[in-house]
Amino acid sequence: MRLAAVIDATVTIPGLKELAMYRSSASIPFAGRYRLIDFALSNIVNSNINSVGVFASQQSVSLMDHIGKGKSWDLDRRRNGLYFLPTSQREGDQLSVGSFAALEDHLNFFKKSTQPHIVVTSAFSISQLDYNDMLEKHLASGADITEAVRDGKCMKSYILSKELLMQMIKGFREKRVVSVEDVVNLKKKPYTFAQYEYEGYFVLINSMESYFNESMALLNEITWRQLFLPERPTYTKVKDEPPTKYMKGSNVKRSLVANGSLLEGEIRDSILSRAVEIGKNSKIEKCIIMQKCVIEENCDLLYVIADKDVLIKAGSVVHGTKEKPVVIRKGSVVSEGEEL
Amino acid sequence: MKKQMVAMLLAGGQGTRLKELTYTVAKPAIPFGGKYRIIDFPLSNCTNSEIHTVGVLTQYQPHLLHQYIGLGTPWDLDRRDGGVTMLPPYAEADGIKWYDGTANAIFQNMKFLEAHQPEYVLILSGDHIYKMNYMLMLDFHIKQQAAATISVIEVPWEEASRFGLMETDDQMQVTRFVEKPKDPKSNLASMGVYIFNYQKLKEYLARDAENEDSSHDFGKDIIPAMLEGNEKMAAYPYKGYWKDVGTVDSLWEANMDLLDLDSGLVLHDSAWRIFSSNPQLPPQVVTETCEIEESFINEGCIIEGKVRKSVISQDVHIKEGAEIDECVIMAGSVVGKGAQVRRAIITPDLDIPANFKLQKNDGAITLLTKETIENWEGSEDDAFSSSN
């Protein structure tokens, strides 16, 4: 095992603030049954890396609840496994990946790790990147730091040696750099840089617009087949939800549907998380409906992102636009005639 | 450590009436409800009833069951003290003793029970679909001051003669037990769920083991022997959904009950979850071309065709133009383009070719297997096969 991994879950995407009011940005739901961080964690375990440090900001209860001891990713080990590392960073402090201020809080993670190389990534880069292959190319290049790129676009995932990373953490204030991403973007001397060309599914969630569009893009067969590779499964916290029930009168087309839902209305071009209820004669189109939302009868929702536990009362009409979907905050109640 | 109640789950049955479904797996391991295996129900009932020590007795085709149950993690039965213990037949100095009857299976595992020293033993079987709080039954058992309590359910009089029936007095004391009588005097059927005072159970099992004429069965031998011994026996009236899924028809019916709002079988109930191993599969994908009506569909499925009144397990692909009606489809199967299947149970990992047709007019339930597919002579509309 030559690699350990760091997921910098202290990074904040300002545009996603509406969805990160009550949770860490890394635990924002995505693709129905997942949270953003599931993709980073799954890539890591699918690359046979079994030592992972998740560096979390102060607002990390939801994240901790979601990943626990890492059992769903097979990371609950006696040796190595998952390390949940809360830092002094606040949600919003931190905008780039591999924050030295955060990593500095847990220098011991690096001191104790036996792996000579480190992957540094975040929860916002969703791909099927194989870090083992990337490490081989990194070693062959002889460079100090390798960054992954897709069609010239930076994926914000990096490999460097543990020794070099620890050196950077110790000297970052003096060198006036804030993160691994910062060092790479500035092509900071005296380090040498290489790029690893990746092909395959990749999206960077960096705004509400990209969050919504990349979610909707998953309804395209070619796209979901690229992300959901049977040989590289995406793992998430297991819930014991029963299969989804399509009730009499339901009409569901072109959608991604997680388990535990009770569907009675008309649903199209939408993404439904676990345990969602859609009432009779309700029409849901181009929406993202998160876990445990209840949409009563005769509602009409178009371009809506309903966060977890939202209750939409019977007869409500909520219309957003493609450019500006309406985001309904976690736990809110929407009644008929209410302006949003 | 002394336990109040330990559960012993009889999971060694073959279930021959389920035909090909049990050729390679024991009956309790048969898939149910798009996600579960039958054994998930008694195991989850134990967990939800806060019974944390469960022995699972296996014999017929045990591999998948052992692998499936593992350490018992999905049911929260991976405990430091107790938890789930798999109890297959074992060898002793004088050879291997196969389990010979339900009572004998328990008798051969007295060492397991002795180690836990329970006050009560709960005997369960792995062939029923139901949600039951065993602790309420224990409360009843204690209140009745019974030596044994048998859980019973009211069945329709016209079906009563298919069951083992308990005749009781007005205090719910069992006066007589009759196995499948032609002329039933009671419609209280035994559910195969028993609570015994451990010391009494020990005594009667030991006596039964000495009896060469005994078939070593709880229903046929132990219960009648206890009645004859004038032990206090109570019948616990269970109300709720309960179904023996011992045949292809009843397995199909129980699955269909999931779609019937009046059946009483509800799994969307977080207060009494049925736990199961959760495979990590993506959300189900339903496409532009699909039509889904009144169905129960698990994760990992791709639905492009028409689905009506069906229960579909994980990782099933229903291709465009296929029509599925009143079917139970087990995990990993693919229904080819234009195929039509009505009233069938489709066995796991089956590849149904394009344009395959299964339409019987007698309404009988078909168990669709690899063999059915291989023997299929091709569709009549197929220009190549119909030309002489």
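Every chain is numbered from 1 and lettered A, B, ... according to where its sequence line falls, protein lines coming before strand lines.
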Residue part contacting chain A, namely of L258(B), when any heavy atom lies under 4.5 Å | backbone
Can you find a side-chain donor-acceptor pair between N45(B) and N133(B) that sits under 3.5 Å?
-> no
Distance-only, no hydrogens or angles: does the S24(A) side chain make a donor-acceptor pair with backbone N or O of A26(A) under 3.5 Å?
-> yes
Let me know if S42(A) has heavy atoms under 4.5 Å from chain B in its side chain, its backbone, both or neither.
-> neither
Under a 4.0 Å N-O cut-off, is there an ion pair linking K313(A) with E296(A)?
-> no
In terms of heavy-atom proximity below 4.5 Å to chain B, should S273(A) be classed as side chain, backbone, both, or neither?
-> neither
In Å and rounded to the nearest 0.5 Å, what is the NZ to CD1 distance from K337(B) to I318(B)?
-> 14.5 Å
Looking only at side chains, do S62(A) and S27(A) share a donor and an acceptor under 3.5 Å apart?
-> yes
Between D130(A) and N46(A): side-chain donor-acceptor atoms closer than 3.5 Å = no
Under 4.5 Å from a heavy atom of chain B, the part of T234(A) involved = backbone
If you measure only the distance, is there a donor-acceptor pair under 3.5 Å linking the side chains of R232(A) and Q128(A)?
-> yes
Quick check, are the ring centers of F296(B) and Y246(A) under 6.0 angstrom apart?
-> no
Among N259(A), V238(A), L256(A), single out the residue with the greatest number of heavy-atom pairs under 4.5 Å to chain B.
-> N259(A)
Does the side chain of N43(A) pick up a donor-acceptor pair with the side chain of S127(A) at under 3.5 Å?
-> yes
Rounded distance (nearest 0.5 Å) linking atom CD1 of I303(B) with atom CD of E320(B) = 13.0 Å
Can you tell which part of E241(A) gets under 4.5 Å to a heavy atom of chain B, answering side chain, backbone, both or neither?
-> both
Using non-hydrogen atoms only, which part of L281(B) is less than 4.5 Å away from chain A: side chain, backbone, both, or neither?
-> backbone
Count the heavy-atom pairs under 4.5 Å between each of L272(A), I267(A), V257(A), V252(A) and chain B, then report the option with the highest count.
-> V257(A)
Structural part of A31(A) lying under 4.5 Å from a heavy atom of chain B = backbone
Quick one: which of K245(A), K253(A), M247(A), R33(A) has the most heavy-atom pairs under 4.5 Å with chain B, could you say?
-> R33(A)
Among the listed options E291(B), E304(B), H268(B), Q314(B), the residue most often paired with chain A at heavy-atom distances under 4.5 Å = H268(B)
Selection from A258(A), G32(A), S255(A), P233(A) maximising heavy-atom pairs under 4.5 Å formed with chain B | S255(A)
Electrostatic pair E277(A):K292(A) at N-O distance under 4.0 angstrom | no
Scored by heavy-atom pairs under 4.5 Å with chain B, the best of D269(A), L227(A), N251(A), L262(A) is L262(A)
Residue among I302(B), L261(B), I274(B), V311(B) with most heavy-atom pairs under 4.5 Å to chain A = I302(B)
When only heavy atoms count and the cut-off is under 4.5 Å, which of residues 65-79 of chain B reach chain A?
-> T73(B)
What part of Y235(A) is in contact with chain B, defined as an atom under 4.5 angstrom from a non-hydrogen atom: side chain, backbone, both or neither?
-> both
Option in E221(A), E264(A), R274(A), K239(A) with maximal non-hydrogen atom pairs under 4.5 Å from chain B | K239(A)
Just by distance, with hydrogens left out, do K131(B) and N48(B) show a side-chain donor and acceptor under 3.5 Å apart?
-> no
Below 4.5 Å from any heavy atom of chain B, which atoms of K71(A) appear? Answer side chain, backbone, both or neither.
-> side chain
Parallel, tilted or perpendicular for Y238(B) and Y130(B), by the 30°/60° rule?
-> perpendicular
Do D38(A) and T236(A) meet the criterion of a side-chain donor-acceptor pair at a distance under 3.5 Å?
-> yes
